[in-house]
Each structure stands twice: as structure tokens, then as C-alpha cells.
Number of protein chains: 2
Amino acid sequence: MTTDTKNLNTESEILNAAKRIFQLKGMDGARMQEIADEANINKSLLHYYYRSKQLLFEAVFKSAFSLLAPQLNSVLNDDSPLFDKIRNFTNNYISFVVKHPYLPNFIIQELNKNPEFVKNLLAERHFPNIEKFSSQVDEQIAEGVIKPIKPTQLLINIIALNLFPFMAAPLLKGLLKVDDTTYRQLMEDRKTEVADFIINAIKL
Amino acid sequence: MTTDTKNLNTESEILNAAKRIFQLKGMDGARMQEIADEANINKSLLHYYYRSKQLLFEAVFKSAFSLLAPQLNSVLNDDSPLFDKIRNFTNNYISFVVKHPYLPNFIIQELNKNPEFVKNLLAERHFPNIEKFSSQVDEQIAEGVIKPIKPTQLLINIIALNLFPFMAAPLLKGLLKVDDTTYRQLMEDRKTEVADFIINAIKL
DNA sequence: ATATAGTTTAACCATATGGTTAACAAAAGT
DNA sequence: ACTTTTGTTAACCATATGGTTAAACTATAT
């Protein structure tokens, strides 16, 4: 085994362990010892590879965001017709979040505690850009395909309908008095229902 | 000044300080010393009145939830026609959240970290009940006023569209590249636009 | 074989943190 | 008046926590 692969193994093992712990407990709730245990290594190694809790956290956060951002981009910068786009996005996005249930919550939560952090993200290459989506919506309004609506509001609605049910899962499970299996089925149904809901809301 | 009023003053001063700190920083991020400073009292007094951080936190959490719950109830247990209900709820709810911007996030976040906590809430007197809303939706479908939709899905959509934009404010501000004032205006506009959106989505 | 660079660990350290104690002050009850 | 109860504080305490250090171990290069 070469030094390089050893490095990569340990380093990525740490990052994966840190992802699990940070996304579950947040920056404040996570403990360096717990991350070390999760990665089956000595606590000092965390500092050897990432210097500090803050830097390890930032590595995790960026990695998480760069997983989420392309999902958003797929709705924004893509040439398919608006309605198709909404259907694809809803379907894909819910599949994605089912696989990474803690991710959106993690990002939004930490961004709330650290709003200035968003400035770092804006600089990133792959940060989503809404220009294309905006003009597409405006075109469709002009063509009389959909009702007048501000593109920003429509985008907020699309994201809200797709993300919120996962972020608020414990609350909604309680409110609707359903068990985990039923709730998962509800989310599965939403893959098509949310798109229908949105399209009905805007089509003329 | 009687002992009682002294008690109440200090005790509620502590609770208010704790609300501010806990809702801003969460259970893990909050420090007892910081709450004491915020309340302008000695740290020991926190323990004198609330025994432990956990109990103080629970007092804050219950108080927060009992502020949010009636808002939900207003959509669920009210005799007005469905469309009026949606309009009123959206309008009132957004006004409410503008006044308490950290509240929904706080509740949902802590519920995510502690999902079993929801069981305590279910026992509460004022816990929202969706029966009435469900049958109202089903009636309107039967009467041919609205398209077929599962009441649970509609309820999720209503809550998502109203809550999410506040929970994800930092992310959305970055994504849409708007400043605080513009964002507040967007939220203001949503008081009517969200209701229109929902009603368009379901009406026949 | 041996030096060298990189990797991993156990033992520490300084500080922060939730919580306790004991003394004191202020009211209220008698 | 004085005793008891309630409220408040400063000083402490045990432990948890992020971080450091120095030594040991491993693999690679010479």
C-alpha cells in the first residue's frame, strides 16, 4: 500500500465520519472524539489532517453543498421545456433527498447560524444561477402558457414544496399521525404529485 | 414588591432571555452563562428556578410550540370555507412568522435532533388535529369544487409554502441574490400570492 | 542497512461548561 | 422582635472538550 492511498483512505475516512456526525448533530452538537470513534482512529489524527474542528466542519459543509448545488442547477440551467423541467426536478430531487435525508437540513441550519457563510458559497464555480430559469418563466408568461408569476416566487415555491417535507419530517409525522413507512410512501407519491400541483397552479 | 411578583419577574426574565438565546443558537450552541448575562442575573439563579439546562430548554421549547400550534389550528379547526381558510391562514401565518422569525426553525431543528420529543407534544391539549380539515377537503372534492388531492398532501403543501421561505432565508437570499429589504418585500408579497398559488393548483 | 519523510498513538494541557455549595439578603409569617 | 422562607450571589468543583506534544511506528528512498 502506497503512502498516497493510505493518506487518501484515512483522510476520506475522516471526512465521511465527520459528514455523518456533523450532519446528524450539527457543528455545535458534534464532538471531535465522536468523529474519531466513528472513523476508528485516534483523535489526534483529526487535527493532523484537518487542523481544527472549524476547518473539518468547513470541509464537510462544502462537500455537502457541492452535492446539493448541482441538483438545483438541473432545474435552472437546462434547455428542456418548463413543465418537463418541473417534473424532472421534482422527481429527481425527492429521490436525491431520500438518499441524503439530513443534507438539506444541515445546510440550511448551519447557514442560519452563520449567514455570512453564504458569501463563500457565492464565489464557488458551481453556485446555481437563476438567470436562465427567470427568462424561461417570463417567456412562457409572454406566450400565454402560464399565468403571470414572479420567477423568484415560483422558484421559492418549487424548492419549498420539495425540501420542506424532509426538513420537517418529525413534526409532520406527528401532525399527520403517520408512521415512518406511511410517511415514506407520502414522499414517494410526491414525486409526481408535487409537479402536478405546481403545474396546475401556474398553467393557463 | 411581594415575593410573588419578584418571582415572576425574575423567572419570566430568565425564560425570555432563554428564549432569545436558545432560539438563536439551539440547545447545543446555547451557554448557561450567556443566558444569565442576557437576563442580567447570576448563573446560579438559572438553576434555582429551572434546575438544569435541559429543563430550561424544555420550558422554552414548550412555550415556543404553544405559540406556533394555535396558528396551525386556525387552518384546521375553523368553519370558514376552504378557500377563505387558505387565504386567511397564509396571510396570518406570514405575519406571525415575520414577528417570530427564529421560531419555526428552532422547533423543527430541535425536533429533528430529538424526534421522540414529538410524543410529548402529541399529549398536549392544544395539539393540532387535522380531522376537520381532511373532511372539508374531501367534501370539496366530492362537490366538484376542487381537484382530487389527498388532504395530507395539501396540508403539507400549505405549510411548506408558508414556512420554508423563512427557514431557508439565508440560502434563498444568496440564491436569488437579493438584499434583506428585497427579501422582506418578497415575503410580504407572498401573503396573497401563496394563497393564489395554492387555490389555482387545486380549483377546478 | 540506514536515513528520511510521513503516519499514528498515548499522554497531556488549558479552558469552558454545567452544576453545586455555602453564605448572605430580603420578605413574610409569628 | 425574631424566626422561617425565599431569593441572590461569589466561589468552587468535576468533567468535557478542542487542541498540542513527543514518541513510536511504517514505508519509501538511497
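Just so it is clear: chains get the letters A, B, ... in the order the sequence lines come, proteins before strands, and each one is counted from 1. In this text the structure is predicted, and so the values were computed from the model without any measurement.
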What is the separation between atom CG on B/Asn9 and atom C1' on D/dT6, rounded to the nearest whole Å? 15 Å
Expressed in angstrom and rounded to an integer, what is the separation of A/Gln54 atom CD from D/dT17 atom P? 18 Å
In whole Å, what is the span from the NZ atom of A/Lys53 to the P atom of D/dA16? 16 Å
Would you please say whether a donor-acceptor pair under 3.5 Å links the side chains of B/Gln185 and B/Asp189? yes
Comparing nearest nucleotides in DNA chain D, the 5'-proximal residue of the pair B/Asn40, B/Lys43 is B/Asn40
Atom pair distance, as rounded to whole Å: CD1 in B/Ile21 and P in C/dT17: 13 Å
Tell me whether the OP1 or OP2 atom of D/dT8 has a side-chain N or O from B/Thr10 closer than 4.0 Å. yes
With a 4.0 Å limit, can you tell me whether B/Tyr49 has a side-chain N or O closer than that to the phosphate oxygens OP1/OP2 of D/dT6? no
Assert: residue with more 5' nearest nucleotide on DNA chain D, out of A/Arg51 and A/Arg31, is A/Arg31
For B/Ala30, answer base if it contacts any base atom (sugar-phosphate contacts may also be present), sugar-phosphate if it contacts only those atoms, and nothing otherwise; contact means non-hydrogen atoms under 4.0 Å. sugar-phosphate
Would you check if B/Phe22 and B/Leu56 make a side-chain contact, meaning some heavy-atom pair closer than 4.5 Å? yes
Nearest-Å distance for atom pair NE2/C1', residues B/His47 and C/dT21: 13 Å
Between P on C/dT17 and CE on B/Met32, what's the gap in Å once rounded to a whole number? 12 Å
Among C/dG19, D/dG19, D/dT9, which nucleotide sits nearest the side chain of B/Leu45? D/dT9
Steps toward side-chain contact (heavy atoms from CB on, under 4.5 Å) verdict (B/Asn114, B/Glu116): CA-CA 6 Å; B/Asn114 240 332; B/Glu116 67 280 14; 2.6 Å; yes
Pair A/Glu58-A/Gln54, side-chain donor/acceptor within less than 3.5 Å: yes
Starting from P on C/dA10, measure out to CG on A/Asn42 and report it in whole angstrom. 6 Å
Is the ring pair B/Phe106/B/Phe61 parallel, tilted or perpendicular, if the boundaries are 30 and 60 degrees? tilted
Rounded distance in Å - OH (B/Tyr48) to P (C/dA25): 17 Å
